[in-house]
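A, B, ... follow the sequence lines: proteins, then strands. Residue 1 opens every chain.
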Number of protein chains: 2
Amino acid sequence: MSGAATREQIVDAADRLFYHRGYEHTSFADIAAAVGLSRGNFYYHFKSKDAILDAVIEARLAGTRHMLEQWESQQPTPDGRILQFVEIVLTNGTDIQQYGCPVGTLNTELAKLGHTLHGQARGLFTLFRDWLREQFTLLGYGEQADDLAMHVLAFSQGVAVLSHTFRDEEFVRREVDRMRDWLSTYRK
Amino acid sequence: MSGAATREQIVDAADRLFYHRGYEHTSFADIAAAVGLSRGNFYYHFKSKDAILDAVIEARLAGTRHMLEQWESQQPTPDGRILQFVEIVLTNGTDIQQYGCPVGTLNTELAKLGHTLHGQARGLFTLFRDWLREQFTLLGYGEQADDLAMHVLAFSQGVAVLSHTFRDEEFVRREVDRMRDWLSTYRK
DNA sequence: GTCTATAAGCCGATAGAC
DNA sequence: GTCTATCGGCTTATAGAC
């Protein structure tokens, strides 16, 4: 197998395992088994577990940037784009119920571990935060735009934590409806 | 040292360490060192790590029940009690910035680990949920009371995750103000 | 690029002396 | 009740054959 393809497979498997089981709870053996590699060969591609985490975060950053670009081309209005973000807790409802928010749970875990890469992981939140702020600025709320962006982020995290804990889809639906109402008061 | 006192010390140390570092990242050696016991002697008091976690959750449940009773006696009105809960993200602001919400982070970690005691930990949320529902019922919102209780819980979790990630006290203050405004529309 | 073998250390947990 | 000594297993990581 070519080096690049194997590396990509490792990052994909690690990404999924870190999300499903958590970073610390995932071992090299788990990732190697998922890819079909021996543990020994692993270190040819990544010299440490931190290096894999770094690659996973980079991949998630790239994936998020791509998703946000797609949302921008699919949704012509800023409020439509914000709503697209709000509804992610329904779109990815099954995963969030089972594993929580991939951004929130990674940040919480790395912050608690005092991990050096927590700063990198925080960048995932910043990506959404800046994008949401831009949409609120386009709606004419320049001064409060960052505040409003953080409010929408807080919504997503609150819903994700409780959805993960209680596995209640109706609760998620009600919270999205509430958010839709709130958002309509900010629509131009 | 008497058995009961040592046991209590172990539970206190484990409680703090599980909160600060996470359950999985805390080892027997960490707890033993914090209490000043040898690892070997540990098993006289608790036969497994799960048994310590069980005792920690029980202690947190008892502590939470006591706190809710205090809130009830200190705050005569249901909306005052709900506000007391909302302001916990300010009251415990420093801890939440450093370690997140003790209830939310434990539930997220145990849910992701597929731990058998996740159900017990969920009870911590249920304690707050039922208590908040009772306050909304007293305000005359019996039908929506559980929905409103979950909304207030979601607020606290969203704020805690982002406060833990960004360490921004002003953000917390703004969200509490927003929540105060929202709550005032439900006050009798 | 992939493998096996293995190191060094930490983990939860146990046995048995005192 | 507390200690030391130790077990078997899992962890990250390395060495070296192919």
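- Atom C1' of nucleotide D:dT12 and atom CD of A:Glu24 are separated by 13 Å, given to the nearest angstrom.
- Here A:Tyr19 and A:Tyr99 bring their ring centres to under 6.0 angstrom of each other.
- Protein atom OH of A:Tyr43 is 15 Å distant from nucleotide atom P of C:dC3, rounded to whole Å.
- In this structure, the CG atom of A:Asn41 is 5 Å from the P atom of C:dC3, given to the nearest Å.
- With ring centers used as reference points, B:Phe166 lies 6.0 Å or more from B:Phe171.
- Taking a cutoff of 4.0 Å between a charged side-chain nitrogen and a carboxylate oxygen, A:Arg180 and A:Asp177 qualify as a salt bridge.
- Checked by atom type, the side-chain pair A:Ser27/A:Asp30 shows a donor-acceptor distance below 3.5 Å.
- When the nucleotides C:dT2, C:dA13, D:dC3 are ranked by their closest atom to the side chain of B:Leu37, D:dC3 comes out on top.
- B:Arg173 and B:Glu169 are joined by a salt bridge, as a carboxylate oxygen and a charged side-chain nitrogen come within less than 4.0 angstrom of each other.
- As a whole-Å value, the separation of B:Ile10 CD1 from D:dT2 C1' is 11 Å.
- Straight-line distance from the CZ atom of B:Arg21 to the C1' atom of C:dC11: 15 Å, rounded to whole Å.
- No donor-acceptor pair closer than 3.5 Å links the side chain of B:Asp146 to the backbone N or O of B:Arg133.
- For B:Tyr44, no side-chain nitrogen or oxygen approaches OP1 or OP2 of D:dT2 to under 4.0 Å.
- Across the protein-nucleic acid pair, A:Leu53 atom CG and D:dT12 atom P stand 13 Å apart, rounded to whole Å.
- Between A:Ser38 and C:dA5 there is no side-chain N or O to OP1 or OP2 distance below 4.0 Å.
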Between N or O atoms, less than 3.5 Å apart, protein on one side and nucleotides 5-11 of chain D on the other: list the pairs.
none

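- For A:Arg39, the CZ atom sits in a loose shell: 12 or fewer heavy atoms of surrounding residues, nucleotides or ligands are nearer than 6.0 Å.
- At whole-Å resolution of the value, CZ in B:Phe42 and P in D:dT4 are 15 Å apart.
- Summarising the geometry, the separation between CD1 on B:Ile31 and P on C:dC10 is reported as 17 Å, rounded to the nearest angstrom.
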